[in-house]
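Reminder, nothing fancy here: chain letters follow the sequence lines and each chain counts from 1.
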Amino acid sequence: MVNSNSDAMSIIFPNSYDNQVPELVSERLMASIPFASRYRMIDFLLSSMVNCGIDNIVVIVRKNYRSLMRHLGSGREWDLTRKNGGLNIVPPYAEKTVNVYNGRVEALASILEFIKNQREKYVFISDANIAVNFDFNAMIDAHIQSGADVSIAYKEEEIPYGFMNLQPTTSSDLYYTLSLDNGRVKEIQINPKEQGKQNFSMNIYLIERERLIDLITKAYAKGNVYFERDILAPQLNTLKVYGYKYEGYSARISDIKNYFDENMKLLDDENLDALFHAPIYTKVRDDNPTRYIGNARVKNAMVADGCVIEGEVENCILFRGVKIGKGAKVKNCLLMQDTVVESNADVEYIITDKEVTITEGKELKGSDTFPVFVAPRKTV
Amino acid sequence: MAKEMIAMILAGGQGSRLYALTQKLAKPAVPFGGKYRIIDFPLSNCVNSGIDTVGILTQYQPLVLNEYIGNGQPWDLDRLYGGVHVLPPYQQASGSDWYKGTANAIYQNLSFIDRYDPQYVIILSGDQICKQDYSDFLRFHKEKGAEFSVAVMEVPWEEASRFGLMVTDENDKITEFQEKPKNPKSNLASMGIYIFNTDVLKKYLIEDEADPSSQNDFGNNIIPNLLKDGRDMYAYHFNGYWKDVGTIPSLWEANMEIMDPEHSGIDLFDENWKIYSRNSGMTGHKIGSHAIVENSMITDGCRIEGTVKHSILFAGVQVESGARVEDAVIMGNCIIKTGSVVEHCIVAENAVIGENAVVGAMPTDKNHGVATIGPGVYVGDYAKVGPDAMVNHNIKDGEVQW
């Protein structure tokens, strides 16, 4: 066969870290959180995979996945409507008495037969809480060169506040840092609290498919739950686990404040270009171009199509179909799709979810450290 | 299953009066309105009217159009049975022929029509800006019991002699057809949009083909022949926005009208009648900290640091700081460099306007020309392009082109 495609399939967990942003996932999951004016979080990894020739992608959903299914559809926008492979969305099995899966092991065990029937040599496993334009082929090359059994992508960065404050009792999501010796992982720290830069796992794993099947089969029989905690961490002596250092741009969502900040960082062209160096695909909405009317005054903003702007906008991210009325002042805000700010309203440091209306003359202000969040379809 | 009505879009037009814009593409493929091409309008009208089978007849420079249409997915016209098909002239056992005229283009594709066995065929022009519900036109055609209907627009009497005119009785029945007459008897101009009963269309196309003296044109031959035979012909009144963007000034004007839907009557913001197009896939556009943007339409991928007033910017246009763009149509991926002034003009795709260059001029009493810069043209630093210029080659630094 002509080798135009990557010899890897991938499995995405779109619900991971849902609990970090309860506000944003009331009607959706992590992967379908809107990001960067016209995208959803999953668009970044999905597009990166497609750009790298990966065209067999499984999305294992857990809950609140309706918005994601609507977004992904048949996968056509990502060129994933394929006869072989393509996009597969796997909802939890509602058969027998199986509950919704806990942890990756159960989830992977539930699709083990499917994984066995695939042809690719490698499997990527990832979450969807990172917006990144990732080169998966470079990771495969590094994986082969190091002779690793498992490679874990990591980034040298500080553990964000949202993770440090993780309450283990209310959250089932764990995060990991790696202790490395010449690239090989010597230890995996679970929910560490260290300050300063760490080898912070991006939870992008690369493993041979046959090896994955073997590991999952054994772990599932033992009743293990977590791939990292229960499979990788205890076997670091026997399994060759290598770190793959990612040095490009990435935006990891850890709480609502950091969600706001990561969006705002894209107002800097350098960051925007770094994140979009290869195309990122998303669902098309067929909006008309954005219209600036009369005395609209816009400074330092990223604006998607379909907006109508008649007021003042400064330091903002506007998603598709946002309307800003005459005399309205909008400063340091992130307004999701179809938000309406009526005339003479005055808002600052707010995040509106989709279809929010800020009525005429209303004043609503959050602060730099605490942006106010308005839930979907609410009228203020 | 037979289709009730299929559409045939005549898209072979060279658009010779748009010269600089149509060197490498047919007129229906000319970019329009920030993120569209002209053909998006008839195609979206078809889909919004419920027509799911469309033939596009191409001849002149079809490459861009072919690639743009692709499998028709952006218009929801990728169908198992029907959908959109590009129909260029082709070789047949009896020989090969270019399309000799509008009627001949349809004649050569009668087998395409036969495949879907439609009761009606609507013939559309691929180079008009118009939002029209063809299902309402078909309702009219059926109510009148017509064999042929033509969509007409009322035009001012003093301009009537520039058009093909339909003279009708009080029942909208066509009694006479005048092609660009000196003394118009009607001000109902044909829009070049026809509905035929398929059997009538076939009969007249076959007869027309057999006539060696015919120009094989709907306006000049088919319609007069129908009239001569006393066929049931009706004129359907359309009073929405309609523009044949055949010239640079009219193309510029139509773009400007998009920005003023309250007065012009062409509203692209209509949720119930979306115009679909192939997506650029770029990020949201960026307005910089010192930019000034007024009364303009801007789409994905643009980066604005300078001043943009009353202009339409297509995907991926960069306006550097200190540059000024006013009353302009700037097509995809152009770069307007710092210090340049770009006014009252059309700049085609991928052009670069150098630093401190001047393109076009705001209209005066004496001159209201719309300067045109062709695709991929490089206008050098400090170069000057006058308001009547149509530029299709690079201009060196400091050079002046009138």
Option in [options] with maximal non-hydrogen atom pairs under 4.5 Å from chain A:
options: B/R303, B/M282, B/H290, B/E294; value: B/R303
options: B/C302, B/A291, B/G284, B/A315; value: B/G284
options: B/I258, B/I298, B/V293, B/V308; value: B/I298
options: B/L268, B/T283, B/L313, B/I312; value: B/T283

Is [X] in contact with chain B via its backbone, its side chain, both, or neither, using a 4.5 Å heavy-atom distance?
X: A/R76; answer: side chain
X: A/N295; answer: neither
X: A/L275; answer: neither
X: A/Y281; answer: neither
X: A/D43; answer: neither
X: A/R38; answer: side chain
X: A/F319; answer: neither
X: A/L266; answer: backbone

Could you tell me whether [X] atom [atom1] has more than 12 heavy atoms of other residues or ligands within 6.0 Å of it?
X: B/E262; atom1: CD; answer: yes
X: A/K257; atom1: NZ; answer: yes
X: B/N71; atom1: CG; answer: yes
X: A/R297; atom1: CZ; answer: no
X: A/K331; atom1: NZ; answer: no

*Mark yes or no for whether A/R291, through its side chain, and B/M259, through its backbone, hold a donor-acceptor pair below 3.5 Å.*
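Yes.
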
_Keeping B/N295 on the side-chain end and A/I293 on the backbone end, is there a donor-acceptor pair under 3.5 Å?_
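Checking the backbone N and O of A/I293 against the side chain of B/N295, no donor-acceptor pair under 3.5 Å is found.
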
*Is the shortest distance from a Lys or Arg side-chain nitrogen in B/K35 or A/D286 to a carboxylate oxygen in the other one below 4.0 Å?*
no

_Could you report the tightest heavy-atom contact between B/G33 and A/P289, atom names first, then the distance?_
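Smallest interatomic distance, heavy atoms only, reads O-CG, 3.5 Å.
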
*asked:* Restricting to non-hydrogen atoms, name the atom on B/K274 and the atom on A/R285 that form the minimum distance, rounded to 0.1 Å.
replied: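 What the structure gives for the nearest pair is NZ-O, 2.8 Å.
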
Part of [X] within contact of chain A (heavy atom distance under 4.5 Å):
X: B/D78; answer: side chain
X: B/Y36; answer: side chain
X: B/D300; answer: both
X: B/H310; answer: neither

Value rounded to 0.5 Å, distance of [atom1] in [X] from [atom2] in [Y]:
X: A/L267; Y: B/S289; atom1: CG; atom2: OG; answer: 8.5 Å
X: A/M302; Y: B/I287; atom1: CE; atom2: CD1; answer: 12.0 Å
X: B/S296; Y: A/I309; atom1: OG; atom2: CD1; answer: 11.5 Å

_Taking the side chain as everything from C-beta on, heavy atoms only, tell me whether A/T290 gets closer than 4.5 Å to B/M297._
no

*Between A/D273, A/D268, A/D269, which is the residue that forms a salt bridge (charged side-chain N to carboxylate O under 4.0 Å, His left out) with B/K286?*
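Single salt bridge (charged side-chain N to carboxylate O under 4.0 Å, His left out) partner of B/K286 among A/D273, A/D268, A/D269: A/D269.
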
